[in-house]
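When reading the values below, keep in mind they use all heavy atoms of this one structure, side chains included, and skip hydrogens, waters and symmetry mates. Order of the sequence lines sets the chain letters (A, B, ...), proteins ahead of strands, with each chain counted from 1.
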There are 2 protein chains.
Amino acid sequence: MPEAAVLNTNVTSLVDRRLLHETVVSQLRDLIVQGELAPESKLNERVLAEKLGTSRTPLREAIKFLASEGLVELLPNRGAVVAALKPEKMKEVFVVLGALEALAGDLACRNATEADIAEIRALHYHMLAHHARGELAQYFRYNQQIHIKLMECAGNATLTQVYRGLNAHVRRARYMANLSRERWDKAVHEHEEILDALVRRDGVRLQGLLRDHLANKLVLVMEVLTATQGATS
Amino acid sequence: MPEAAVLNTNVTSLVDRRLLHETVVSQLRDLIVQGELAPESKLNERVLAEKLGTSRTPLREAIKFLASEGLVELLPNRGAVVAALKPEKMKEVFVVLGALEALAGDLACRNATEADIAEIRALHYHMLAHHARGELAQYFRYNQQIHIKLMECAGNATLTQVYRGLNAHVRRARYMANLSRERWDKAVHEHEEILDALVRRDGVRLQGLLRDHLANKLVLVMEVLTATQGATS
DNA sequence: TCGGCTATATTTGCATACAAAAAGTGATTG
DNA sequence: CAATCACTTTTTGTATGCAAATATAGCCGA
């Protein structure tokens with residue numbers, strides 16, 4: 001169940017069995033992605049270690065791990081800060097994500113099994129259900145799962161890994177978003193088309209749809225960023 | 001001079017001034033990329049720490065950093081090993097690299113300044129010189145610099161960062177390669193065409209050329225892998 | 001001789017301790 | 001009154017120590 005890791009949000013660990021400091025990585029990442037640790041805020045090692053119920057050593061290792069992902073930035077002799085959410089950076093990330101999703105779409109049209117497509121369809125309907133109820137968080141959850149599943153259908157684990165890393169940046173901004181009903185409906189409609197193109201295994205069309213979908217996501221994220229940017233500073 | 005970091009090979013650090021454990025990350029990465037630490041070999045913390053003249057703590061942090069890049073794999077309670085160089089993994093990486101280089105080529109055609117192109121041309125001639133002398137290592141060095149510079153011309157730092165990370169995997173295999181003269185000449189010719197397409201800012205053609213170039217690289221790497229695979233195991 | 005078990009040794013993982021650097025504080029002086 | 005300097009406090013970076021887990025070796029028994 002690899003999808004579960006994407007939205008793993010438990011802060012107080014339940015699994016002592018034989019996992020290691022990956023727990024800390026996961027917890028820290030969630031704190032950052034969900035915005036509890038704000039962009040550009042300092043990561044005080046003592047405070048965080050206490051909060052996560054560990055010592056500084058595994059925490060520092062986790063910070064280094066996330067630094068490699070780009071979620072935190074290391075300042076020599078001055079610790080680490082949560083990476084800034086700069087509009088310029090978001091544009092960059094979306095351009096790369098666009099290329100990756102387009103690639104994934106193309107590969108998925110060729111490699112996806114019928115079972116894969118059925119699973120995406122199932123996730124799609126879950127998503128529709130939460131959209132109908134106006135449950136944004138749950139909607140996002142299934143939305144993410146669809147995109148991740150599409151990645152996995154491409155059958156390229158490296159692609160999936162890179163995508164996840166970049167996507168973490170974007171999700172940080174998305175957590176702040178309050179979709180207007182209009183935009184939300186539009187996004188759902190886009191997903192309908194995406195599913196349709198996948199079912200027909202029309203790689204070219206799917207690539208285009210994914211690019212457009214991402215472009216719209218970028219617009220949304222930019223609005224969120226400029227809005228909060230004015231509010232917080 | 002950001003290109004310098006790509007081929008930074010000093011093991012005994014010269015810079016004590018105010019750099020930190022990034023030194024260890026860089027050293028460790030070089031050991032892996034250059035093959036001194038063979039794929040799937042165990043990373044003994046005590047031995048490595050002594051070799052790099054540090055203690056286990058910064059070394060472990062460096063290992064976690066590289067684990068996030070995918071150059072090493074973490075085995076819970078059993079340390080870390082250098083990531084395997086599996087042909088399947090290489091194929092995956094090249095597919096993603098292909099999409100990224102194509103994207104970079106397209107962006108570079110639009111964003112590169114004349115000075116950028118002049119710099120790439122200069123690197124190109126350096127490369128030709130070392131090709132003429134049959135100096136493989138130096139040839140690779142400038143070859144890499146050209147590709148990195150092309151990435152930078154795209155004006156997307158995120159793209160460059162992701163590219164570098166994936167490229168490290170590939171370079172590990174390339175270090176084992178002994179190019180045949182025929183293939184080598186062909187690669188150089190491809191670079192001539194790449195430069196030409198860039199000068200003419202023909203993004204579509206450049207994308208195609210880069211894809212072909214990468215496809216040929218993949219063939220080369222696969223040959224190296226299957227060859228060494230038979231020899232070492 | 002071979003397989004399994006125990007005891008030993010190594011190695012990892014985590015916590016703590018210590019040193020250096022940065023940040024904060026306050027007093028003194030121009 | 002502001003700025004600077006010295007001093008204190010906090011925080012980071014690194015080394016070391018210790019416990020748990022794993023690998024290794026030796027031993028016994030079949």
Side-chain angles (χ1 to χ4, degrees), chain A residues 10-29 31-32 37-84, chain B residues 10-29 31-32 37-84:
Chain A
N10 60 324
V11 171
T12 53
S13 170
L14 298 172
V15 278
D16 291 341
R17 243 175 58 87
R18 68 166 88 139
L19 289 181
L20 64 172
H21 81 129
E22 294 176 21
T23 316
V24 179
V25 171
S26 185
Q27 290 173 353
L28 199 51
R29 178 163 30 214
L31 288 177
I32 293 172
L37 287 172
E40 300 186 77
S41 63
K42 231 168 127 352
L43 297 180
N44 185 307
E45 297 180 357
R46 181 167 339 194
V47 173
L48 267 179
E50 192 174 351
K51 175 164 189 163
L52 300 181
T54 174
S55 91
R56 285 175 54 213
T57 307
L59 174 70
R60 281 177 61 86
E61 293 179 356
I63 289 176
K64 297 298 181 300
F65 194 95
L66 294 176
S68 181
E69 283 186 8
L71 273 185
V72 309
E73 284 172 41
L74 302 177
L75 313 176
N77 288 320
R78 302 180 70 195
V81 297
V82 179
Chain B
N10 61 324
V11 170
T12 52
S13 170
L14 299 172
V15 278
D16 291 340
R17 241 175 56 88
R18 70 165 88 136
L19 289 181
L20 66 171
H21 83 128
E22 291 178 22
T23 316
V24 179
V25 171
S26 185
Q27 290 173 353
L28 199 51
R29 179 162 30 211
L31 288 177
I32 294 171
L37 288 171
E40 298 186 80
S41 64
K42 229 165 118 12
L43 296 180
N44 185 304
E45 296 180 358
R46 180 173 346 195
V47 172
L48 269 178
E50 191 173 352
K51 175 162 188 161
L52 300 181
T54 173
S55 91
R56 285 176 54 215
T57 307
L59 174 69
R60 282 176 60 87
E61 292 179 356
I63 289 175
K64 298 298 182 300
F65 194 95
L66 294 177
S68 181
E69 284 186 7
L71 273 185
V72 310
E73 283 171 44
L74 302 177
L75 313 176
N77 288 321
R78 303 178 74 199
V81 297
V82 179

May I ask you to list the residues of residues 60-71 of chain B, by number, that have any heavy atom positioned under 4.0 Å from an atom of DNA chain D? none
What does B:L74 touch in the nucleic acid at a heavy-atom separation under 4.0 angstrom: a base, only the sugar-phosphate, or nothing? nothing
Nearest 0.5 Å, please: how far is CG in A:L37 from CG in A:L71? 11.0 Å
Report yes if the side chains of A:H21 and B:L74 come closer than 4.5 Å at any heavy-atom pair, otherwise no. yes
At less than 4.0 Å, is any side-chain N or O atom of A:R78 found next to OP1 or OP2 of C:dA22? Yes or no. no
Minimum heavy-atom separation for A:P39 and A:A84, please, with both atom names. CB-CA, 4.3 Å
Would you kindly give the CZ-to-C1' distance between B:R46 and D:dT16, to the nearest whole Å? 12 Å
Atom-pair distance (CD on A:E22; C1' on C:dC14), nearest Å: 15 Å
Heavy-atom closest pair (A:A83 atom, A:G70 atom, distance to 0.1 Å) is CB-O, 3.3 Å
Contacts under 3.5 Å, N or O only, protein and nucleotides 17-21 of chain D:
none

The single option from B:K51, B:K64, B:R60 that satisfies salt bridge (charged side-chain N to carboxylate O under 4.0 Å, His left out) with B:E45 is B:R60
Start at the 5' end of DNA chain D and walk down; is the nucleotide closest to A:G79 or to A:T57 reached first? A:G79
Quick one: does A:V72's side chain get under 4.5 Å of A:L28's, heavy atoms only? no
Do any side-chain nitrogens or oxygens of A:T54 fall under 4.0 Å of OP1 or OP2 in C:dC14? no
Rounded distance (Å) that lies between atom C1' of D:dG13 and atom CG of A:N44: 14 Å
Reckon A:L59 touches a base, only the sugar-phosphate, or nothing at all at heavy-atom distances under 4.0 Å? nothing
Contacts of B:E69 meeting salt bridge (charged side-chain N to carboxylate O under 4.0 Å, His left out) (sequence neighbours excluded), chain-then-number -> B:R29
Do B:T54 and B:T23 come within less than 4.5 Å of each other through their side chains, counting heavy atoms only? no
Between A:K42 and C:dA23, is there a side-chain N or O to OP1/OP2 distance below 4.0 Å? no
What pair of heavy atoms forms the shortest contact from A:S68 to B:F65, and how long is it? OG-O, 3.2 Å
